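Heads up: the structure comes next, in structure tokens.
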Amino acid sequence: LNKLQWCCIIIQCCSIAIIQYDVTTGLPMHETIAYALLTVATFITAASSVWNQLVIKGFEVPLNLQNTLLYTFGLLTSVGCYFFGPVKSE
């Protein structure tokens with residue numbers, strides 16, 4: 001990552017920390033486990049993004065085809081979750 005990207009990441013993290021702090025009680029808005037799980041999810045997403053980029057660079061296919069496959073898989077996953085996921089109450 002370059003300096004501008006690191007700067008943006010730091011600004012976003014600080015902004016999230018400020019928003020999640022309840023000034024009236026002096027405590028975070030959620031329990032500690034919620035922030036720990038969020039941190040784990042962030043690291044998993046970052047690692048999978050780097051791995052995905054390394055795998056994609058290894059293929060000699062056009063960028064348009066890569067994007068088409070990526071978005072098609074995302075669409076199928078979303079539709080599958082919508083129809084087969086847990087039922088939400090109205």
Side-chain angles (χ1 to χ4, degrees):
L1 297 174
N2 62 32
K3 290 181 182 181
L4 179 61
Q5 290 171 326
W6 277 112
C7 183
C8 290
I9 290 171
I10 291 170
I11 290 172
Q12 286 180 340
C13 290
C14 291
S15 300
I16 291 171
I18 290 169
I19 289 173
Q20 292 296 314
Y21 182 73
D22 188 3
V23 181
T24 58
T25 61
L27 299 170
M29 296 179 78
H30 302 288
E31 295 181 23
T32 307
I33 188 70
Y35 296 109
L37 291 174
L38 183 61
T39 302
V40 169
T42 302
F43 282 117
I44 290 171
T45 302
S48 65
S49 297
V50 169
W51 178 258
N52 187 33
Q53 186 64 26
L54 288 173
V55 169
I56 286 177
K57 284 185 177 181
F59 293 121
E60 294 295 328
V61 295
L63 183 62
N64 293 341
L65 179 59
Q66 290 177 4
N67 287 339
T68 301
L69 292 174
L70 181 67
Y71 288 119
T72 301
F73 180 73
L75 176 70
L76 293 175
T77 303
S78 297
V79 169
C81 289
Y82 179 78
F83 285 112
F84 301 112
V87 177
K88 304 281 191 239
S89 61
E90 294 182 30

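Everything quoted here is computed from the prediction, not taken from an experiment.
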Tell me every residue that passes side-chain contact (heavy atoms from CB on, under 4.5 Å) with [X], counting only those two or more places apart in sequence or in another chain.
X	value
Thr77	Phe73, Cys81
Asp22	Thr24, Thr25, Met29
Ile44	Val40
Val61	Phe59, Leu65, Gln66

> Do Ile19 and Leu37 share a hydrophobic cluster (ILVMFWY, side-chain heavy atoms under 4.5 Å, transitive)?
Replying inline: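 Ile19 does not cluster with Leu37.
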> Roughly how far apart are Cys14 SG and Ile18 CD1, rounded to 0.5 Å?
Replying inline: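 Those atoms lie 6.5 Å apart.
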>> If I take atom CD1 from residue Ile16 and atom CD1 from residue Ile11, how far apart are they, to the nearest 0.5 angstrom?
In response: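 Output value for this atom pair is 12.0 Å.
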Which residues, ordered by chain and number, are linked to [X] in its hydrophobic cluster, where ILVMFWY side chains connect at heavy-atom gaps below 4.5 Å, directly or through other members?
X	result
Val23	Tyr21
Leu76	none
Phe84	Leu75, Val79, Tyr82, Phe83

> Mind checking what makes side chain to side chain donor-acceptor pair (under 3.5 Å) contact with Tyr35, not counting sequence neighbours?
Replying inline: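 Partners of Tyr35 under the side chain to side chain donor-acceptor pair (under 3.5 Å) test: Gln20.
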